[in-house]
Amino acid sequence: MPTRHDDTSSPEAKPSLNAVRERIHTRNAGDHDFLQAVDEVFESLEPLVAQEPEWLDDALLDRICEPERQVVFRVPWTDDAGRVHVNRGFRVQFSSALGPYKGGLRFHPTVTLDTVKFLAFEQTFKNALTGLGLGSGKGGSDFDPKGKSDAEIMRFSQSFMTELWRHLGDETDVPAGDIGVGGREIGYLFGQYKRLRNRHESGVLTGKSPSWGGLDVRTQATGYGVAYFAETMMDARGGTLHSATCVVSGSGNVAIYAIEKLQAFGATVVACSDSSGSVIDPDGIDVAWLREVKEVRRERLDAYAAERPAASYRPGEGVWDVACDAAFPCATQNELGEEDARMLVANGVRCVAEGANMPCTPEAVHVFQEAGVAFAPGKAANAGGVAASGLEMRQNAARERWSFERNDEQLRALMADIHHASASAAARLGRPNDLVLGANVAGFERVAEATRALGVV
Ligand code: GLU
């Protein structure tokens, strides 16, 4: 029998974790990505709730799984030929228990309210793990930036902000980039916000250029952070990434800087990919050339292989069949399935760290865990981006400009702290190597304690 939405708590009996889960499924029926993310967290909460059943009181879990606010809006814009287009814009303000809503904007044709809600939910725990006083949110649009001119990107970004600005503020909601939103888009979005508000409110967006308020290292932070986290995780288990053969999926901002840092650690990254295919470069990916192809020329990976004699381009192929010691899914959600995981395990993978948000399906994660692969979940491993955003907000509030070296050092320390918090929570629950459990529980406890302390609001 379906559960009534308003029947969230009963004074007579504690609801079971499963009853709460079912209620959330009923309320969000059809939101596949969101429910996948919720289920993963609930699986981790089982051992916690078994020890501390008071987490089931006061509909606390229902409140944590329901966004505080969801905004959906029209984004009309005109292309270079004068034709009018309409896209849909979203901002899901999930939790402000720990600080202002915080999370990126994604511009991609597949974006729906479900996508944004799942990302904002993940952000809740990720941001809590940083310990920097950040609430959670996410936004975006089904706009496709591919093939658009610079002027079209600017007009779209301005139209998007013309609606979104009223929901933002440096103490209210602070967006940043995500897929399809980088430094260029953040510039146009900030310019329009500044014009509409008549305030140079630096801290309202992060991921700005360091020349006008951005944090030096924010661009690199997610990718570097993934490498720092993976190295810390391997070190804790008596291993290292030094001289490891690695594969990285994607070739966007996260992938590029993960590759750069892994190679600085002495690893060789032999493959990466984009939506058109993958390249294998046995000598190691040339990061400078990859950046030129993807960020400056904005071309596909065949252009990378064309100038590198040892490299081969594989149209329509991914990277998970390439033998490696360590794999870094840095593209998008559900990009690595059960079969891919089995192939990686059969080829000897020892470490998997998620640079993207929820790139491994639940089945794939179970394959890695059963095979004893060191697995770093995205909530912890890719938190370096938002952690650097938290530092950017501090830098803006202090009206200072900090050095790359100082910021990079802080980022590295933050990633070690996140690993420590996750590993400690996992150990406390008797599964010391299960960082999925540890990251979910450590993030949950922080946000749940704050949510409870603030009362029923
Ligand atoms: N979009 C990034 C993430 O998934 C960064 C968010 C931010 O810096 O606010 O964590």
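Along the sequence shown, residues are numbered consecutively beginning with 1. Counting starts at 1 for both ligands and their atoms, following the listed order.
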Would you tabulate the polar-atom pairs, meaning N/O of ligand 1 against N/O of the protein, with distances under 3.5 Å, reported to 0.1 Å?
{"from": "ligand 1", "atom 1": "1 (N)", "to": "Lys138", "atom 2": "NZ", "distance (Å)": "3.2"}
{"from": "ligand 1", "atom 1": "1 (N)", "to": "Gly177", "atom 2": "O", "distance (Å)": "2.9"}
{"from": "ligand 1", "atom 1": "1 (N)", "to": "Asp178", "atom 2": "OD1", "distance (Å)": "2.8"}
{"from": "ligand 1", "atom 1": "4 (O)", "to": "Lys126", "atom 2": "NZ", "distance (Å)": "3.0"}
{"from": "ligand 1", "atom 1": "4 (O)", "to": "Lys138", "atom 2": "NZ", "distance (Å)": "3.0"}
{"from": "ligand 1", "atom 1": "4 (O)", "to": "Asn357", "atom 2": "ND2", "distance (Å)": "3.1"}
{"from": "ligand 1", "atom 1": "8 (O)", "to": "Arg218", "atom 2": "NH2", "distance (Å)": "3.0"}
{"from": "ligand 1", "atom 1": "8 (O)", "to": "Ser389", "atom 2": "OG", "distance (Å)": "2.6"}
{"from": "ligand 1", "atom 1": "9 (O)", "to": "Lys102", "atom 2": "NZ", "distance (Å)": "2.7"}
{"from": "ligand 1", "atom 1": "10 (O)", "to": "Gln123", "atom 2": "NE2", "distance (Å)": "3.1"}
{"from": "ligand 1", "atom 1": "10 (O)", "to": "Lys126", "atom 2": "NZ", "distance (Å)": "2.8"}

Hey, what's the ring geometry for Trp77 with His85, parallel, tilted or perpendicular (30° and 60° as the breaks)?
parallel

Quick one: side chains of residues 449-456, donor-acceptor pairs under 3.5 Å with protein atoms, not counting sequence neighbours, listed by atom name and distance.
{"from": "Thr451", "atom 1": "OG1", "to": "Val447", "atom 2": "O", "distance (Å)": "2.6"}
{"from": "Arg452", "atom 1": "NH2", "to": "Glu54", "atom 2": "O", "distance (Å)": "2.9"}

Report all side-chain donor-acceptor pairs from residues 105-113 shorter than 3.5 Å, counting only partners two or more places apart or in another chain.
{"from": "Arg106", "atom 1": "NE", "to": "Asp178", "atom 2": "OD2", "distance (Å)": "2.6"}
{"from": "Arg106", "atom 1": "NH1", "to": "Gln333", "atom 2": "OE1", "distance (Å)": "2.9"}
{"from": "Arg106", "atom 1": "NH2", "to": "Asp178", "atom 2": "OD2", "distance (Å)": "3.0"}
{"from": "His108", "atom 1": "ND1", "to": "Thr110", "atom 2": "N", "distance (Å)": "3.2"}
{"from": "His108", "atom 1": "ND1", "to": "Thr110", "atom 2": "OG1", "distance (Å)": "2.8"}
{"from": "Thr112", "atom 1": "OG1", "to": "Asp114", "atom 2": "N", "distance (Å)": "3.2"}
{"from": "Thr112", "atom 1": "OG1", "to": "Thr115", "atom 2": "N", "distance (Å)": "3.2"}
{"from": "Thr112", "atom 1": "OG1", "to": "Thr115", "atom 2": "OG1", "distance (Å)": "3.1"}

Could you list all the ring-ring contact (aromatic ring centres under 6.0 Å, His included) pairs where at least one residue sits in residues 437-457, not counting sequence neighbours?
Trp55-Phe444

Is there a side-chain contact between Pro329 and Val352, using heavy atoms and a 4.5 Å cut-off?
yes

Suppose we call two aromatic rings close when their centres sit under 6.0 Å apart. Are Phe143 and Phe160 close by that rule?
no

